[in-house]
Amino acid sequence: MSESKDFLRVRVEEDLESGKYQEVTTRFPPEPNGFPHIGHAKSICINFGIARDYKGHCNLRMDDTDPTKEDTKYVEALKDAVEWLGFDWEGNVRFTSDYFPKLYEYAVALIKMGKAYVDSLTEEEIREYRGTVTEAGKRSKYADRTVEENLALFERMKKGEFKDGAHVLRAKIDMSASNMKMRDPLLYRIRHVHHYRAGDTWAIYPMYDFAHCLSDYIEGVTHSICTLEFENNRDIYDWVLDTLGLTTPRPYQHEFARLGINYTVMSKRKLLELVEKGLVSGWDDPRLPTIAGYKRRGYTPESILNFCDQIGIAKANSMVDVAQLEFAIRDDLNTKVPRVMCVLDPLKVTIENYEGSEVLDAPYYPDDVPKEGSRKLPFSSTIYIERDDFMENPPKGYFRLTPEQSVRLKHAYIITCKEVIKDKEGNIIEIKAEYHPDSKSGSDTSGIKVKSAIQWVSANEAKKVEVRLYDRLFKDESPEGLEDLNPDSLKIIKDALIEPAVIVEKPDERFQFERQGYFYADPIDYSDEKPVFNKIVGLKDSWAKKKQLPRRASKSETKKVQIDGEVAPMSEVEQSLFDKYIGELNLNSEVANTLARDAKLSGFYEEALSHHHSPVGIANVVANEVARELKEKEVNEVKFNTKQIAELVKMVDDETISTKIAKQVFEEMINSGESPIKIVEAKGLIQISDPAIIGPIIDEVITKNPENVEKFKAGNSKLLGFFVGQVLKATGGKANPKVVNELVAKKLK
RNA sequence: UGGGGUGUCGCCAAGCGGUAAGGCACUGGUUUUUGGUACCAGUAUUCGGGGGUUCGAAUCCCUCCACCCCAUCCA
């Protein structure tokens, strides 16, 4: 785990420490209407991970409130995904549909409180009445039905007496709320549809906003973690729980940014489209970012877990580079998986001076992987090497076989090219070579230096295998649609050649094909007669990188131009205030502007001024510190008053306290409402300006940090702040920073 | 346009008034019978822009800009 905690864990810890909850309970609440993808994996890691880290619980809950979309096959896929990632949901899988009876009771309770009503507007009318983001909506005429009427109607809705869409149950909140979600949200709709689990018992189904918060509550969830797009729904979440009087301990919703990865798509809609149009082979197509896809491709659960851990959790919309995922799987497999040799694009090599055959012993793992194991490797005069590993006219820096350059056959001998055989078209079809008998791997006395060792297979013993090479599904970094599909996302090699041990011994299901990448025996199509391997990910290839030298020359460095918008003009009153502040009171224009434009602040300012005439000092405190407190609160809601602020500024003016201490005192005033003079007295915060006291403290800091002294003297002037900070810390902030600054600068010279 | 969010290196992401963490990617170098791995080194005088407060600002204040979400009887 990374050393810094994410904001969710910080929050959970706070809530546990404050005693808000005894134990943390989270939940992973997917709707079973599609296959889970790696975005779900992130959510799974967060929810189950937090439960694990804080010894709490995490439920797996199917949020199945829309019978038209959900299906059992998706719940199975969801369960598989959670299990595969190694998490345990303790007990049964939960289903929102199991709570339908309870949910119905809550709805009735809301109706009885007069907080919900049956609306009979048409769908279009409801939309119209909702208004727009800038215009308020208007309430339906059905909103003032009596409680009895609503109860009766709702009961009949439940019994299935009405057609779909005839009525809905809505919360009675506020049709002019600036949050659109709060404009009398729908709670229940009529659906004469078979539910994959609840069967035909219900004719009405709850909406997400009603069901979700209550399901959380029913399960004793403490932290309801969801993605950013639900931020607007948080108000309803709280409204439902609050108005139903469902108090402590109750769940609260927290949102994080969903995962985006480049060169792929993550939305269920787009994934479904790919599957349904047959553009991929199914939900488990190895090119898909679905859990089933990664699993089929050969990714390990550990690699996905590590990936999720590495990308972190935050609230900024982001697009993670696939390279990060690819790193995670390489990193995991590197230490786990046997190395074997497979030739994808075979080129025949005849070793003319070799006779007979032999069997070499070759370790499965390189020296830097602490694992044991080896296999028998047949060698003979006819072998195949990778077509790429021979070049007749090599570019500079080519390390492999050429007419002039020998190579080592990995685990075997060094060979030298003697002749290049071509067909009529001039294609190379065979290499005639010679081997060096005294260059045998492990007992090489030949003294020949080669630049690389390449993979090969012996022609007679090699097995034919199918290898499926996968590449990114889309050619565009952030694909818009099907037109961005990568036409080369799948390449099938029907007759690759692999060393026999892989097929006969089956030492593992995942391998590194030496110098090529990591591969996985396809769990479905693989058979002994017809082995099939999926490419999981390629090895990093700095040679390939070097070849595509034409670095993107034009970096198209279009420095974004910042456009400055219009600043709203001041009203006449504000303008005259502004003029007065600048002219009479000598404030700088920025502070004057802040004060003049805010009636609350200017009122506060002028009153404080009447207690202590220090126009600039008070203005600065009001415009910078008081402003923060008055953003969300009214003057009478705040614990401090103008007189106290005046006193505070007076102490700064007298140099009784430093501005740094003044801020600290102000914080205290916000919380306690205590007078600043008392706070300073009680805590002994009077400023220390005497160099005789400060000097020794500085000396101590200097002797404790010899390295930083060096750096400072070497020219790192930023460190002045470090020393000043240390001294201030040592004096509890009381040292006069100006004096400290001067003294430190002098002493370090 | 009203409301709710978010802007720190090419990509993620810490940081919450006192020396700009870390990972991926990238660039050198060392080791290497994988052009892999491992290891070492390098990479933000600067935190969306502009002002202000402060001895000191990525962090506090003001202001502007950009992007995302919300007007499904989806979740």
Side-chain angles (χ1 to χ4, degrees), chain A residues 2-4 30-31 33 63 65-66 68-69 123 126-127 130-135 137 164-165 168 177-181 183 186 188-191 207-208 212 228-234 255 257 262 310-312 314-321 323-324 327 330 334-335 339 366-369 397 399-400 408 410-411 441 444 450-455 512 514-516 539-544 546 560 562-567 588-591 593-594 597 620-621 623-625 627-628 658-660 663 708 711 716 718-726 728-729 736-738 740-742:
Chain A
S2 40
E3 46 305 282
S4 52
E31 183 189 13
N33 68 344
D63 207 0
T65 57
D66 184 356
T68 62
K69 293 181 183 158
E123 209 173 322
I126 287 178
R127 226 192 318 273
R130 191 147 33 218
T132 68
V133 286
T134 46
E135 299 158 58
D164 284 11
V168 290
S178 49
N179 178 355
M180 295 293 292
K181 297 270 178 189
R183 321 252 257 226
L186 274 63
Y188 269 90
R189 74 290 216 186
I190 299 171
R191 281 274 141 95
M207 303 288 291
Y208 165 85
H212 201 91
L228 247 30
E229 65 270 26
F230 290 98
E231 275 172 326
N232 296 313
N233 301 60
R234 191 174 58 230
E255 310 88 10
N262 56 12
Q310 283 160 7
I311 57 173
K315 295 190 75 157
N317 288 316
S318 57
M319 181 75 82
V320 175
D321 195 334
Q324 185 98 27
F327 168 81
R330 279 193 208 106
N334 177 43
T335 54
R339 320 286 138 127
D367 292 335
D368 50 12
V369 173
F399 293 169
R400 290 105 102 151
R408 172 172 298 282
K410 178 95 184 175
H411 302 302
S441 185
D444 182 359
V450 291
K451 289 201 172 106
S452 73
I454 62 173
Q455 71 273 27
Q512 185 194 106
E514 202 96 34
R515 302 208 306 138
Q516 307 199 104
L539 253 28
K540 274 178 69 172
D541 188 349
S542 47
W543 170 241
K546 231 175 255 173
K560 295 159 257 171
Q562 276 276 345
I563 302 156
D564 273 8
E566 291 274 300
V567 177
N588 78 43
S589 68
E590 194 61 34
V591 173
N593 187 49
T594 304
R597 281 174 182 275
N620 284 342
V621 172
N624 288 297
E625 311 298 321
R628 177 171 59 248
S658 65
T659 49
K660 186 186 178 78
K663 294 203 181 193
N708 282 338
K711 281 195 218 163
N716 188 346
K718 278 182 291 188
L719 254 18
L720 185 64
F722 164 77
F723 287 108
V724 174
Q726 290 295 307
L728 250 38
K729 197 189 249 176
N736 182 332
K738 278 184 199 154
V740 174
N741 247 301
E742 282 167 25

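Throughout, a chain's letter reflects where its sequence line sits, starting with A, and its residues are numbered from 1. Quick note: numbers below take in every heavy atom, side chains included, and nothing from hydrogens, waters or symmetry partners. The shown structure was predicted, so the numbers you read here are calculated from the model rather than taken from an experiment.
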Touch class at under 4.0 angstrom, heavy-atom based, for Leu539(A) against every strand present: base
Touch class at under 4.0 angstrom, heavy-atom based, for Asn708(A) against every strand present: base
Chi class for rU72(B): syn within 90° of 0, otherwise anti: syn
Base of rC55(B) paired with side chain of Asn741(A) (donor-acceptor, under 3.5 Å): yes
Watson-Crick/G-U partner (both atom distances under 3.5 Å) of rA71(B): none
Sugar-phosphate only, base, or nothing, as touched by Lys451(A) at under 4.0 Å among non-hydrogen atoms: nothing
Salt-bridge contact Arg189(A)-Glu123(A) (side-chain N to carboxylate O under 4.0 Å): no
Greater than 12 external heavy atoms within 6.0 Å of Lys738(A)'s NZ: no
rA66(B) - base-pair partner by Watson-Crick or wobble geometry, distances under 3.5 Å: rU6(B)
Touch class at under 4.0 angstrom, heavy-atom based, for Asn620(A) against every strand present: sugar-phosphate
Value in whole Å for how far the C1' atom of rG22(B) lies from CZ of Phe327(A): 12 Å
Touch class at under 4.0 angstrom, heavy-atom based, for Val724(A) against every strand present: base
Between C1' of rA57(B) and CZ of Phe722(A), the distance in whole Å: 18 Å
Rounded distance in Å between the P positions of rG5(B) and rC60(B): 16 Å
Aromatic plane relationship, Phe399(A) with Trp543(A) - under 30° parallel, 30 to 60° tilted, over 60° perpendicular: parallel
Touch class at under 4.0 angstrom, heavy-atom based, for Leu728(A) against every strand present: base
Atom-pair distance (CG on Asn334(A); P on rG36(B)), nearest Å: 12 Å
Atom-pair distance (CD on Glu625(A); P on rA57(B)), nearest Å: 15 Å
Rounded interatomic separation in angstrom, taking NZ from Lys718(A) and P from rU45(B): 10 Å
Sugar-phosphate only, base, or nothing, as touched by Gly137(A) at under 4.0 Å among non-hydrogen atoms: nothing
Sugar-phosphate only, base, or nothing, as touched by Lys729(A) at under 4.0 Å among non-hydrogen atoms: nothing
Quiz item: Arg515(A) side-chain donor-acceptor pair to rU34(B) base, under 3.5 Å: no
Under-3.5 Å donor-acceptor pair between Gln512(A) side chain and rU34(B) base: yes
Sugar-phosphate only, base, or nothing, as touched by Lys315(A) at under 4.0 Å among non-hydrogen atoms: sugar-phosphate
Atom-pair distance (CD on Gln726(A); P on rG17(B)), nearest Å: 16 Å
Whether Phe399(A) stacks on the six-membered ring of rG35(B) base, 5.5 Å and 30° limits: yes
Distance between C1' atoms of rU54(B) and rA75(B) (Å, rounded): 49 Å
Whole-Å gap separating P (rG5(B)) and CZ (Arg234(A)): 6 Å
Side-chain donor/acceptor of Thr659(A) to base of rU54(B), under 3.5 Å: no
Sugar-phosphate or base contact per nucleotide [nucleotides 64-75 of chain B; S, B, -; heavy atom under 4.0 Å]: SS--SBSBSBSB
Interatomic distance where CZ belongs to Arg628(A) and P belongs to rU53(B) [whole Å]: 16 Å
Touch class at under 4.0 angstrom, heavy-atom based, for Thr134(A) against every strand present: base
Exercise: do Asn33(A) and Glu31(A) side chains pair donor with acceptor under 3.5 Å: yes
